[in-house]
Amino acid sequence: MWQAHTIIHNGQAMPFAEARLHPLSVAVAYGVAVFEGLRAYRNPADGSFSVFRLDEHLARLQQGMKVMRFDAPPTTPVLHAAVREVVRLNAPDEDAYIRVQTQLEALGTLASTGPVGWIAAALPRERSAKFASGLAAGVSSWTRIADNAMPPRIKASANYHASRLANLQAKADGYDTALLLTARGKVSEAASACVFLLRDGVLVTPGKTSDILESVTRDTVLVLAAEAGLVVEQRDVDRTELYVAEEVFVCGTGQELVAITSVDRLPVGDGRPGPVTRQLQAAYEAVVRGTTTAHPEWRTPVR
Ligand SMILES: Cc1ncc(COP(=O)(O)O)c(C=O)c1O
């Protein structure tokens, strides 16, 4: 597998292993950083790479920096060019996972708003081993972070402390992944992915005020599902709806689209990935990789 050998730090391409921050920088001391995880997919026909929904990811990053009150953040055109450049420089021969991150790089206080530094990195990342067979999920006893405490709408690095605790608990309890409930006891999302369920043939996902990250993949699935003629609802979801759903799946840039085949050890449907999940998984695969001509606006070529 290819290796990441070059990272772009504050506009400079440098050896991956040489990127540095001070341990007392505000980014390290208080976790003041915002990031995006993206993927560059390889088209099997011509070997070209394209970054999936780059514009939407960078728009969310700008929103995150606004909420964090970052001073003089890097502009979208600068980051857009850096993402394409870091993929090109690392010359992957398989799909790449891309991280764009902005952080407070100097020493400071909790009230610091700059100076803002940034990186763009491209890393190898294999598809989940359970992509085809599905995941066993457990509903976590950790509660999803709330908008009035640590807004989950922004992809702040510190938010992942909560996801990490839920994931560690899930692994300790023998599950593949965790599903989290909001403080109101409604289904929110997985530790790093959004959740969908099929109930009476209707595709349902928690709404944007269910303390979710406003996921790019969730939006993609909503579009693909509507195009496939499915009825889609965004609404509050109860925990026990997960137990009685015909199908459940999670989706996100990192996880892509993967079936949940059991929740709290109760099988979902017949305990295997269902037909709607498989149909959407195939549609997602085609649109990210460019083996369909649909939605060219979602794929930014890397030249
Ligand atoms: C907490 C959380 N929810 C949802 C998602 C999915 O978001 P996206 O589809 O934009 O990658 C992620 C992705 O990393 C995430 O970390």
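Excluded from the calculations below are hydrogen atoms, water molecules and symmetry mates; all remaining heavy atoms, backbone and side chain alike, are included. None of the values given here were measured: they were computed from a predicted structure. Just so you know, ligand 1 is whichever comes first in the structure, and atom 1 is the first atom listed for that ligand.
Separation of the Tyr160 and Phe35 ring centroids falls under the 6.0 Å cut-off.
Judged purely by distance below 3.5 Å, without hydrogens or angles, the side chains of Asp238 and Thr240 never pair a donor atom with an acceptor atom.
The existence of a salt bridge linking Arg127 and Glu285 is confirmed by a sub-4.0 Å separation between a basic side-chain nitrogen and an acidic carboxylate oxygen.
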Note to self: One pair to check against side-chain hydrogen bond (donor to acceptor under 3.5 Å, both in side chains): Ser140 and Gln169. What are the steps and the verdict?
What the structure shows: CA-CA 7 Å; Ser140 185; Gln169 181 194 36; 2.8 Å; yes
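A cation-pi arrangement is present between Arg265 and Tyr175 under the rule of less than 6.0 angstrom and at most 45 degrees off the ring axis.
Annotation: ligand 1 has protein neighbours His57, Arg60, Arg144, Lys155, Tyr160, Glu189, Ala191, Ser192, Ala193, Cys194, Leu213, Ser215, Val216, Thr217, Gly252, Thr253, each with a heavy atom less than 4.0 angstrom from the ligand.
By the 4.5 Å heavy-atom criterion applied to side chains, Cys194 and Val250 are not counted as neighbours.
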